[in-house]
Amino acid sequence: MAKIEKVELCMVDLVPKVKRTDAIQSFVSQETPIVTITDSDGAVGMGYSYTIGTGGSSVMRLLADHLAPRIIGRDADCIEAIWHELEFATHATTIGAITSIALAAIDTALWDLRARKQKLPLWKLAGGAKDRCPLYTTEGGWLHIETEALVEDALAAKAKGFRGSKVKIGKPHGAEDLARLSAVRKAVGDDYEIMTDANQGFAVDEAIRRAARLAELDLAWIEEPLPADDIDGHVRLNASATTPIAIGESLYSIRHFREYMQKGGCSIVQVDVGRIGGITPWLKVAHMAEAFDMPVCPHFLMELHVSLACAVPNGKYVEYIPQLDELTGAKMRIEDGHALAPSEPGIGIDWDFDALKARSIDEFSLTIAERSD
């Protein structure tokens, strides 16, 4: 049994490559907590998660003060036991964004360690359903972007082999959303998917109204149309809309996903490994979705989600938003509009350790190790 001997913590703050705006917010920075775990065999695993600009310091304190010390001396192979112990240890402060983001960084590091020791890429260790997954792009579809630029980006993505483009919705009047999306549809034709994302910007009656208005465009989905905790509203919307309703980016518990699926509040699951609490619960949600005949189209974190989407049979799309380029060597491989699952052992991210060291925020860099006495 190889015990966990050392946990190293750091955080890097990344600036988005392009300006990112949606119906309710701007994505101005990506705080990236990184956890490195070393076991008694000398094996190392690295995991990470993210925020969109706030809460990173709280995540790091939770990791340093409460979570990382608990796993010192534990069997690194007991990932399920460790995850549940850490979840219970924080139950008094509930499962929400801060806790899930912290759990995700630890859990992903443990899976990386296990995969490296078994000399397997994550997508095979976690299931091995396929070695590639179709891509759609979001980077050219933000809410502030003018219609002409939306069209140009979608056409360029289609020419590169991408299978679809996401366009943010939530303009003050529904006619504006319709005009923008109609221009994109006219340009790309009927054989290219258009995804939309409202980022929880509507109330239920307005969402029903806008979904009906956009139905003629044959959209791939409407993502996060309502506040994420309004399950009954999503049930009403999903029952009335002909366009698939996608949820999951802002859910932090497998039980929340269960309620959505059981009640008929969605038809596409967008579980995010950084927000659900890691790979361990991500796989549970994905398999649950398979039982409900629902596809999984994970949100963000393409460098990690390519492996998970390829691990399960219902992984349908990977979302193209490059964000780790400044911290990595080799990038995610793309071929004919598909993200290729990494062949290297582990989670498949080629970290640039010099870049990590140079960009780490000193106040959050910490090593927690087993005491020799």
For this session: Check step by step if side-chain hydrogen bond (donor to acceptor under 3.5 Å, both in side chains) holds for T36 and E8.
Result: CA-CA 5 Å; T36 303; E8 297 168 272; 5.0 Å; no
Exercise. What do you reckon, are the aromatic ring centroids of F162 and Y320 less than 6.0 Å apart?
Worked result: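 Ring centres of Y320 and F162 closer than 6.0 Å.
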Exercise. Between T138 and E319, does a side-chain hydrogen bond (donor to acceptor under 3.5 Å, both in side chains) hold up when you go through it step by step?
Worked result: CA-CA 7 Å; T138 294; E319 181 176 23; 2.6 Å; yes
Check whether more than 12 heavy atoms from other residues, nucleotides or ligands sit under 6.0 Å from atom [atom1] of [X], and answer yes or no.
{"X": "R209", "atom1": "CZ", "result": "no"}
{"X": "K6", "atom1": "NZ", "result": "no"}
{"X": "K316", "atom1": "NZ", "result": "no"}
{"X": "K124", "atom1": "NZ", "result": "no"}

Within the 4.5 Å heavy-atom criterion, are [X] and [Y] side-chain neighbours or not?
{"X": "V35", "Y": "Y48", "answer": "no"}
{"X": "I194", "Y": "L217", "answer": "no"}
{"X": "W221", "Y": "C297", "answer": "yes"}
{"X": "L356", "Y": "M46", "answer": "yes"}
{"X": "H287", "Y": "V312", "answer": "yes"}
{"X": "F257", "Y": "F292", "answer": "no"}
{"X": "M195", "Y": "Y136", "answer": "yes"}
{"X": "L110", "Y": "I37", "answer": "yes"}

Establish whether [X] and [Y] are linked, either directly or via other cluster members, by ILVMFWY side-chain heavy-atom contacts under 4.5 Å.
{"X": "L125", "Y": "V44", "result": "no"}
{"X": "W111", "Y": "L9", "result": "yes"}
{"X": "L340", "Y": "L304", "result": "no"}
{"X": "I279", "Y": "V7", "result": "yes"}

N-O pairing of [X] and [Y] below 4.0 Å:
{"X": "R236", "Y": "D232", "answer": "no"}
{"X": "R74", "Y": "E85", "answer": "yes"}
{"X": "E223", "Y": "K166", "answer": "yes"}
{"X": "E80", "Y": "R114", "answer": "no"}
{"X": "D191", "Y": "K158", "answer": "yes"}
{"X": "R180", "Y": "E176", "answer": "no"}
{"X": "D197", "Y": "K168", "answer": "yes"}

For this session: Apply side-chain hydrogen bond (donor to acceptor under 3.5 Å, both in side chains) to T280 and D107, showing your working.
Result: CA-CA 7 Å; T280 298; D107 188 73; 2.7 Å; yes
Problem set entry | Aromatic plane relationship, H299 with Y50 - under 30° parallel, 30 to 60° tilted, over 60° perpendicular |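 The rings of Y50 and H299 sit tilted, inter-plane angle from 30° to 60°.
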For this session: Go through the steps to decide whether R255 and E259 satisfy the test salt bridge (Lys or Arg N to Asp or Glu O under 4.0 Å), and finish with yes or no.
Result: CA-CA 6 Å; R255 297 163 190 86; E259 287 186 79; over 6 Å; no
Problem set entry | Residues D39, K3; criterion salt bridge (Lys or Arg N to Asp or Glu O under 4.0 Å); working and verdict | CA-CA 5 Å; D39 73 9; K3 293 184 178 182; over 6 Å; no
